[in-house]
Amino acid sequence: QVQLVESGGGLVQPGGSLRPSCDASGRIVSIRAMGWYRQAPGKQRELVAAITSGGSTSYADAVKGRFTISRDNAKNTVYLQMNSLKPEDTAVYYCNAENNNYFNYWGQGSQVTVSS
């Protein structure tokens with residue numbers, strides 16, 4: 001019983017930045033971790049960043065040093081600051097929430113396109 005709504009994707013030039021956000025509602029207290037996944041056409045969905053309820057973060061090697069995941073507990077919102085974007089970052093980005101029973105909830109997905 002968790003709902004996720006994403007916003008903030010779009011088209012950006014290489015080297016640019018985007019900051020999509022994910023608003024969570026429902027049984028917020030049941031969430032143990034949230035993250036951002038991405039899926040490019042014809043490729044498997046991959047985890048790019050995650051943050052636990054305790055504030056620990058992790059990143060895929062491909063985005064380390066460029067992406068930062070953060071949260072605003074008052075707003076029940078998670079952000080993904082994406083800097084120095086590359087064409088290979090182009091994908092549909094999905095917000096994810098994992099509850100204490102390890103059930104996963106997903107946002108609708110937001111297209112991020114990095115192109116000149």
Side-chain angles (χ1 to χ4, degrees):
Q1 197 177 2
V2 174
Q3 297 80 44
L4 305 174
V5 179
E6 302 171 359
S7 61
L11 174 65
V12 66
Q13 293 184 351
S17 298
L18 285 172
R19 197 192 190 202
S21 62
C22 174
D23 296 323
S25 61
R27 290 181 54 83
I28 305 302
V29 295
S30 72
I31 297 174
R32 65 178 297 275
M34 295 186 68
W36 290 90
Y37 287 71
R38 67 186 182 187
Q39 187 168 25
K43 297 185 178 180
Q44 191 172 356
R45 187 174 300 183
E46 64 175 347
L47 177 66
V48 298
I51 185 166
T52 70
S53 59
S56 298
T57 59
S58 61
Y59 300 91
D61 288 342
V63 306
K64 287 180 179 177
R66 300 188 296 119
F67 290 12
T68 303
I69 188 170
S70 62
R71 67 186 185 189
D72 184 336
N73 289 333
K75 296 181 178 180
N76 296 319
T77 299
V78 174
Y79 305 90
L80 185 65
Q81 179 69 52
M82 303 188 292
N83 297 326
S84 302
L85 283 162
K86 305 174 181 179
E88 50 263 47
D89 294 319
T90 296
V92 177
Y93 283 71
Y94 296 91
C95 183
N96 168 267
E98 187 174 270
N99 73 9
N100 290 322
N101 292 320
Y102 300 93
F103 293 159
N104 284 276
Y105 303 86
W106 297 92
Q108 77 281 2
S110 183
Q111 178 69 48
V112 172
T113 301
V114 184
S115 176
S116 59

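Nothing fancy with the numbering, it's 1 onward along the sequence.
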Once rounded to the nearest 0.5 Å, what's the spacing between atom [atom1] of [X] and atom [atom2] of [Y]?
X: Met34; Y: Asn96; atom1: CE; atom2: CG; answer: 7.5 Å
X: Ser25; Y: Asn76; atom1: OG; atom2: CG; answer: 8.0 Å
X: Leu18; Y: Ser110; atom1: CG; atom2: OG; answer: 8.5 Å
X: Gln1; Y: Tyr105; atom1: CD; atom2: OH; answer: 7.5 Å
X: Ile51; Y: Trp36; atom1: CD1; atom2: CH2; answer: 12.5 Å
X: Ser17; Y: Met82; atom1: OG; atom2: CE; answer: 8.5 Å

Side-chain ([X]) to main-chain ([Y]) donor-acceptor, under 3.5 angstrom:
X: Arg19; Y: Asn83; value: no
X: Asn101; Y: Phe103; value: no
X: Tyr93; Y: Val48; value: no
X: Gln108; Y: Glu6; value: yes

Please name the pair of heavy atoms, one in [X] and one in [Y], separated by the smallest distance, quoted to 0.1 Å.
X: Ala49; Y: Tyr59; value: CB-CD2, 3.7 Å
X: Gly9; Y: Pro20; value: N-CB, 4.3 Å
X: Ile31; Y: Ala97; value: CD1-CB, 4.1 Å
X: Cys95; Y: Leu4; value: O-CD1, 3.7 Å

query = Less than 4.5 Å apart, any side-chain heavy atom of Tyr102 and any of Arg32?
reply = yes
request  = Considering only NZ, NE, NH1 and NH2 on the basic side and carboxylate oxygens on the acidic side, decide whether Asp61 and Lys64 come within less than 4.0 Å.
outcome  =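 Judged by the 4.0 Å cut-off on N to carboxylate O distance, Asp61 and Lys64 do form a salt bridge.
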inquiry  = Applying side chain to side chain contact (heavy atoms under 4.5 Å, CB included) to Asp89 and Arg38, what does each step give before you reach the verdict?
reply    = CA-CA 9 Å; Asp89 294 319; Arg38 67 186 182 187; 2.9 Å; yes
Are [X] and [Y] connected in the hydrophobic side-chain network, where two residues link if heavy atoms are under 4.5 Å apart?
X: Leu80; Y: Val114; value: yes
X: Tyr79; Y: Val63; value: no
X: Ile69; Y: Val2; value: yes

query = CD of Glu88: more than 12 outside heavy atoms within 6.0 angstrom?
reply =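 Yes.
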ask   = Under 6.0 Å between the ring centres of Trp106 and Tyr37?
value =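 Yes.
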inquiry  = Checking side-chain polar atoms at under 3.5 Å, does Thr90 have a donor or acceptor matched by the opposite partner on Thr113?
reply    =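 Thr113 and Thr90 do not have a side-chain donor-acceptor pair below 3.5 Å.
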query = For Asp23 and Thr77, does a side-chain donor sit closer than 3.5 Å to a side-chain acceptor?
reply = yes
